[in-house]
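For clarity, every value in this text was computed on a predicted model and none was experimentally measured. Side-chain atoms are counted along with the backbone in the values below, which use heavy atoms only and exclude waters and symmetry mates.
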Amino acid sequence: MSAINSEPAAYPHLFEIKNGAIGLPMLRLLGNNPATIANQLREKIRQAPDFFRGAPMVIDLHELSALDEEVDFSALVSAMRDCGLVPVGICGGTDRHLHAAQTAGLSLLADVKHESSHQPVQAVDDKPKQPAVIGKVIEHPVRSGQRIYAPGGDLVVLSQVSAGAEIMADGNIHVYGTLRGRALAGVQGNLDSRIFCLDLQAELIAIGGHYKVSENIEDSVRGLPVHIYLIDNSLKIEKI
Amino acid sequence: MSRIIVVTSGKGGVGKTTTSAAVSMGLALKGHRTAVIDFDVGLRNLDLIMGCERRVVYDFVNVINGEASLNQALIKDKRCDKLFVLPASQTRDKDALSIEGVGKVLNELSKEFDYIVCDSPAGIERGATLAMYFADDAIVVTNPEVSSVRDSDRMLGILASKSRRAEQGDEPIKEYLLLTRYSPQRVKLGEMLSLEDVQEILSLHLLGVIPESKAVLNASNAGTPVILDEKSDAGQAYSDVVRRYLGEGVPHRFIDEEKKGLFGRLFGG
């Protein structure tokens, strides 16, 4: 039993239980041979011992669940501890895995959304991560029938957006040309996102699901450089 | 190195085939070996406009299926020995075209010809997308009215994203605007979009403006590409287009209403 799993009820008034989200590194198993895993793990940790020292880690069994292969959790847990890791639980896996993991003192973590990386353990990179993607820059006209989405960031269009085109972003939208098509900012619900354009002739504008169609856009701002933002759940279009 | 030109528009009836016939004839008259291919399988027209409909033996689909050689299917123009026509099949539909088949034919043609003009069918389905897939240059034929402009815009989007050049990350297809059936008088009356309106919406390099002209219909009926009618305004406009395409600096004409002289005013237009 690790310190993390020691009985919490001993200190009833010294904490509160809250919902939280903490990102934990995952050890995604691609095979079940305990000796090989232990060897490869040691080799990996040796490359960056400080980085992994005392790091809590989740054992990801998604890749093994289809095969329902047996996993020797007690061997795995001790191999991880030997390397200075703190195995906290498992995710994915079959009922059999779950049972074996609980016997070995591991908890079952709620199924987490999978990162798309399918690289084997050896490929884990200990270099600092690239800064997060900030969005998309489009340098050519966005033509009728084209759809462009900038997930997780802003969309910048350095040209025009034609009628019948659709541009979307999780963040802001900038159009350094005429906006004739549809522009939807904050499509994942970010109500603070804005739309900027040099010439507003849009068919539809929307921020976080609050929209206006062309018919409801006042003539006083049509054809002008504007920015559009949400205030009290209604779209405000202002000349810039 | 041959150059593949697609004549396209999205919308039907705007003058793609007229343009294909005129431009290919114009290039051939300038001494370039030119082939013009009808991609409108099932609704073939190019042979009529080119006046070779009575000499069609084999067609594009026959060549793709290996039922005839390219040389058997190519029809040499009687007026210009540098120009060859590859007619479409009238008895098949556009599913008879495959990307591999079209690629093979174009590849073979490019060994012999300087320019290959692909006359696209209307629409954005198989025939049209295959006609533009291998293109180096695109002439986007547009009439001065909103639906034609919108369809051209759509076609430009497809050119930018679904061509071979786009898929392989090469230099994008060169896009040219050709405004056809333009009538400055009707623009003045507000019945048509002006050149400026169209340019503002499409923001595209203007290759030329072809005036609305009786000569086009007459030429089609006679099976003569209108560019051969050197006296007509449309014929001259197409000659300018070909010269501009080949890199000559030719000023644009037929954009403004012609000033009528005293005679014109007295006797009408």
Student: Is the shortest heavy-atom distance from the side chain of A/Glu139 to the side chain of A/Ser159 under 4.5 Å?
Tutor: no

Student: Between A/Ser162, A/Gly164, A/Pro141, which has the largest tally of heavy atom pairs under 4.5 Å with chain B?
Tutor: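 Looking at each of A/Ser162, A/Gly164, A/Pro141 in turn, A/Ser162 comes out on top.
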
Student: Would you mind checking which part of B/Leu202 comes under 4.5 Å of any heavy atom in chain A, side chain (CB onward), backbone (N, CA, C, O), both or neither?
Tutor: both

Student: Sort by residue number and list every member of residues 197-224 of chain A having a non-hydrogen atom under 4.5 Å from chain B.
Tutor: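 Interface residues of residues 197-224 of chain A: A/Gln201, A/Glu203.
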
Student: Parallel, tilted or perpendicular for A/Phe196 and A/His174, by the 30°/60° rule?
Tutor: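 A/Phe196 and A/His174: parallel rings.
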
Student: Are the charged groups of B/Arg186 and B/Glu145 less than 4.0 angstrom apart, N to O?
Tutor: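 Salt bridge flag = no for B/Glu145 with B/Arg186.
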
Student: With distance as the sole criterion, is a donor-acceptor pair present between the side chains of B/Ser194 and B/Asp197 under 3.5 Å?
Tutor: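 Yes, side-chain donor-acceptor contact under 3.5 Å.
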
Student: Do the side chains of B/Arg3 and B/Asp137 get close enough for a salt bridge, i.e. N-O under 4.0 angstrom?
Tutor: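 Looking at B/Asp137 together with B/Arg3, the answer is yes, because their closest N to O distance falls below 4.0 Å.
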
Student: Is chain A contacted by the side chain of B/Leu204, its backbone, both, or neither, given a heavy-atom distance below 4.5 Å?
Tutor: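 Only the side chain of B/Leu204 comes within 4.5 Å of chain A.
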
Student: Can the positive tip of A/Arg194 be found less than 6.0 Å from the middle of the six-membered ring of A/Tyr229, inside 45° of the ring normal?
Tutor: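 So A/Arg194 does make the cation-pi contact.
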
Student: Give a yes or no on whether a salt bridge exists between B/Asp136 and B/Arg165, defined as a side-chain N under 4.0 angstrom from a carboxylate O.
Tutor: yes

